[in-house]
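Just so you know, residue 1 is the first one in the sequence shown, and it goes up from there. If you're wondering where the values come from, they're calculated on a predicted model, not measured in any experiment.
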Amino acid sequence: PRAWHGGDLQGVIGKLDYIKSLGFTAIWITPHVENTGRDYHGYGAVDFFDTDPHFGTVEKTRELVDKAHAKGIRVIFDIVVNHTGPGNPLVVEKPDWFNPKSEISNWNDPKQLQNGWIFNLPDFDQSKPEVRQYILDYSKFWIEKTGVDGFRIDTMRHVPPAFITWYRQELEKIKPDFWMIGEVWEANPIKLNTYQEAGSHALLDFPASEAARKVFATDASFTTLQAAVSNMGRTMKDPAQTGAFLDNHDMTRFVSEAKDDPVGRLKLGLTWLFAYRAIPIVYYGTEIAMPGKNDPYNRDDFPWGKEQNLDVRDLVTRLNRIRQEQPALRQGTVEHLLADQTTYAFARVAGDDKVITVLNNHATDAYAGAIDVAALGLADGAQLRDLLTDKTATVSGGKLQVDVAARSGAIYAVVPAARGTMIIVGALLGLAALTGGFFVRRRMVRR
């Protein structure tokens, strides 16, 4: 299960039409640089300047980017700046480039987090100019060779924030519109914000994403999710420049986490994900409700040609389209309207564009109630349409009367749909999509 199972750059190229058909506008792939032995996950690099032969060649990497761009899809590489694989010749040739070998024992100690080794992976010392230059050289190599649009920076919380500040400045000298999203696996938004302030354009939204998994998979109260969303909004420099998800390559897949009715829970969770403020990120297989317990079974091969849950796939496609058509879902603030054990209502507001999402996580009972929308300035008699079911709701006395079936959601549009934007997906080899959603299709291992 932890060996190479196929899946390569040509395979991703061959599935670009599938990814585009779902509505995704960006893909994030597994670290593609050369690894050794059984390191199919890409995090044990032995040559940062070459594509792993299991995946293809440098030329094939460029072809993927070119062909994705031709279809209006951006490409994000998974880049590691914190560490390398133990088999990398640099470990022997340049031992002074690495922090002394010492596994992290106290994960609350910032010094250990930034200087310690994780899972026996040699940890770069970014305080040294020659190390910083090496990392920049290899990053520049891939930008110039392939025209890639951005990087997902792995294990960013193990890297000094000062390095991120310098790194962004240098990357933008190479490509002014270059974008990066950092993995700072941290529940405290204050600590997350340290890296956005340091210069990372975006960060993975672990606080809200982990709260969402608890709510949708295990029936935690919606107040848990509301609190996480509010904390992110108050704390982050730019809370919209974050990426949210229901599952990824480092955790049990959502449908295997769900206590019951996994598909129903997944569909409700996806409705929240695409209506939320952050960039939606969809892990490969989530769009067909793939199960998967802990590593490596959360990274099983995609079941091409086998039975798939088309109901979920169709919902993802529709949600991507709705997000692209509604400016408020891409650019709006979050205005909370209601949160209790099983019901959550919030609005996304961008000027005159307003979209109201109502989620009902009760297993058997519909939610029929009047939601106070007076703060949104909606006129009495205003008609809103649920973009998922085409049902209408009316504002009366500053309240919106809704009827939402058990374990389902509604997305009410106040203004006509228009325009388009971005999304993130994961890939077969390992990838993801941005403003309708990120599609991540990948098979990899957490260090």
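Residues S200 and I164 come closest through the heavy atom pair N-CG2, 3.8 Å. Across Q196 and M236, no two heavy atoms sit closer than the pair OE1-CE, 3.5 Å.
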Check against salt bridge (charged side-chain N to carboxylate O under 4.0 Å, His left out), R265 and D219: CA-CA 10 Å; R265 291 175 181 276; D219 291 337; 2.8 Å; yes

K71 and D17: CA distance, side-chain angles, deciding distance, salt bridge (charged side-chain N to carboxylate O under 4.0 Å, His left out) verdict: CA-CA 8 Å; K71 295 180 183 295; D17 285 338; 2.7 Å; yes

Test side chain to side chain contact (heavy atoms under 4.5 Å, CB included) applied to T25 and I73, step by step: CA-CA 5 Å; T25 59; I73 299 173; 5.9 Å; no

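Open room surrounds OH on Y297; 12 or fewer heavy atoms of other groups in view lie less than 6.0 Å from it. Atom NZ of K214 is surrounded by 12 or fewer heavy atoms from other residues, nucleotides or ligands within 6.0 Å.
When only modelled atom types and interatomic distance are considered, T146 and T61 share no side-chain donor-acceptor pair under 3.5 Å. Remark: the Y18 side chain and the E287 side chain contain an N/O donor-acceptor pair separated by less than 3.5 Å. No side-chain donor from either of D39 and T36 sits under 3.5 Å from a side-chain acceptor of the other. Side chain to side chain, N360 and H362 fail the donor-acceptor criterion of an N or O pair below 3.5 Å. Between the side chains of Y43 and T155, no donor-acceptor pair is found at a separation under 3.5 Å. Using modelled atom types, one finds no donor on one side chain facing an acceptor on the other under 3.5 Å when comparing T392 with D386. Looking at W179 and E172, their side chains never bring a donor and an acceptor atom within 3.5 Å of each other. Of the N and O atoms on the side chains of N320 and Q324, not one donor lies less than 3.5 Å from an acceptor on the other residue. Using modelled atom types, one finds no donor on one side chain facing an acceptor on the other under 3.5 Å when comparing N298 with T252. Donor-acceptor pairing under 3.5 Å is lacking for the side chains of H41 and N35.
Residues satisfying the side chain to side chain donor-acceptor pair (under 3.5 Å) criterion with K101, sequence neighbours excluded, are N120. In this structure E257 satisfies the side chain to side chain donor-acceptor pair (under 3.5 Å) test with no other residue, sequence neighbours excluded. D66 meets the salt bridge (charged side-chain N to carboxylate O under 4.0 Å, His left out) test with R62; sequence neighbours excluded. For F178, the ring-ring contact (aromatic ring centres under 6.0 Å, His included) partners two or more places apart in sequence, or in a different chain, are F151. N82 is linked by a side chain to side chain donor-acceptor pair (under 3.5 Å) to D123, counting only residues two or more places apart in sequence or in another chain. When the side chain to side chain donor-acceptor pair (under 3.5 Å) test is applied to D311, the partners found at least two apart in sequence or on another chain are K267. The salt bridge (charged side-chain N to carboxylate O under 4.0 Å, His left out) search around K293 returns none, not counting sequence neighbours. Partners of E130 by salt bridge (charged side-chain N to carboxylate O under 4.0 Å, His left out), not counting sequence neighbours: none found. Not a single salt bridge (charged side-chain N to carboxylate O under 4.0 Å, His left out) links R313 to another residue, sequence neighbours left out.
Judged purely by atom type and a 3.5 angstrom limit, S139 uses its side chain to pair as donor or acceptor with the backbone of I135. One N or O on the side chain of K175 and one on the backbone of G147 form a donor-acceptor pair closer than 3.5 Å. Between the side chain of R348 and the backbone N or O of L329 there is at least one donor-acceptor pair closer than 3.5 Å. A donor-acceptor pair under 3.5 Å links the side-chain atoms of R168 to the main chain of G199, judged by distance alone. Distance alone, capped at 3.5 Å, is enough to place a donor-acceptor pair between the E186 side chain and the N188 backbone. With W97 contributing its side chain and Q126 its backbone, the two residues share no donor-acceptor pair below 3.5 Å. Although no hydrogens or angles enter the test, the distance criterion places a donor-acceptor pair under 3.5 Å between the side chain of R323 and the main chain of F274. In terms of modelled atom types and a separation under 3.5 Å, the side chain of R2 and the main chain of D295 share a donor-acceptor contact. In this structure, R277 contributes its side chain and T333 its backbone to no donor-acceptor pair below 3.5 Å. Within the 3.5 Å criterion, the main-chain N or O of L113 finds no donor-acceptor partner in the side chain of R157.
Checking each of V131, N115, T84, D125 against F98 for a side-chain contact (heavy atoms from CB on, under 4.5 Å) leaves exactly one that passes, namely T84. Applying ring-ring contact (aromatic ring centres under 6.0 Å, His included) to Y344 and the options F216, Y367, F222 leaves one that passes, F222. Of the listed residues (N88, I118, N99, V159), just one forms a side-chain contact (heavy atoms from CB on, under 4.5 Å) with H83, and that residue is I118.
Proximity of D137 to F49: side-chain heavy atoms (C-beta onward) are separated by under 4.5 Å at one or more points. Annotation: side chain of T343 is not in contact with side chain of V404 (no heavy-atom distance under 4.5 Å). Taking 4.5 Å as the limit, some side-chain heavy atom of N309 sits within range of a side-chain heavy atom of V263. No side-chain heavy atom of Q10 sits under 4.5 Å from any side-chain heavy atom of F55. The side-chain heavy atoms of L359 and T271, taken from C-beta on, include a pair separated by under 4.5 Å. Counting heavy atoms from C-beta outward, Y40 and D52 have side chains that stay 4.5 Å or more apart. Within the 4.5 Å cutoff, side-chain heavy atoms of V81 are placed close to those of I153.
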Sequence neighbours left out, cut at 3.5 Å: what donor-acceptor pairs do the side chains of residues 226-233 make with other protein atoms?
from: S230; atom 1: OG; to: Q226; atom 2: O; distance (Å): 3.0
from: N231; atom 1: OD1; to: R234; atom 2: NH2; distance (Å): 2.3
from: N231; atom 1: ND2; to: A227; atom 2: O; distance (Å): 3.3

Listed pairs under 3.5 Å, donor-acceptor, residues 202-211 side chains, sequence neighbours left out:
from: D205; atom 1: OD1; to: A208; atom 2: N; distance (Å): 3.0
from: D205; atom 1: OD2; to: Y276; atom 2: OH; distance (Å): 2.7
from: S209; atom 1: OG; to: D205; atom 2: O; distance (Å): 2.7
from: S209; atom 1: OG; to: F245; atom 2: N; distance (Å): 3.1
from: S209; atom 1: OG; to: F245; atom 2: O; distance (Å): 3.4
from: E210; atom 1: OE2; to: W185; atom 2: NE1; distance (Å): 2.9

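The list of salt bridge (charged side-chain N to carboxylate O under 4.0 Å, His left out) pairs with a residue in residues 25-35, not counting sequence neighbours, is empty.
The cationic group of R38 does not satisfy the cation-pi geometry with W4, failing either the under 6.0 Å distance to the six-membered ring centre or the 45° limit from the ring axis.
Taking the six-membered ring where tryptophan is involved, the planes of F163 and W166 are tilted, since the angle between them lies from 30° to 60°. H158 and W107 have perpendicular rings, their planes meeting at more than 60° on a 0 to 90° scale where under 30° would count as parallel. Ring-plane geometry between Y134 and F124 is classed as tilted, the angle between the planes lying from 30 to 60 degrees on a 0 to 90 degree scale.
If you look at H32 and F77, their ring centroids are closer than 6.0 Å.
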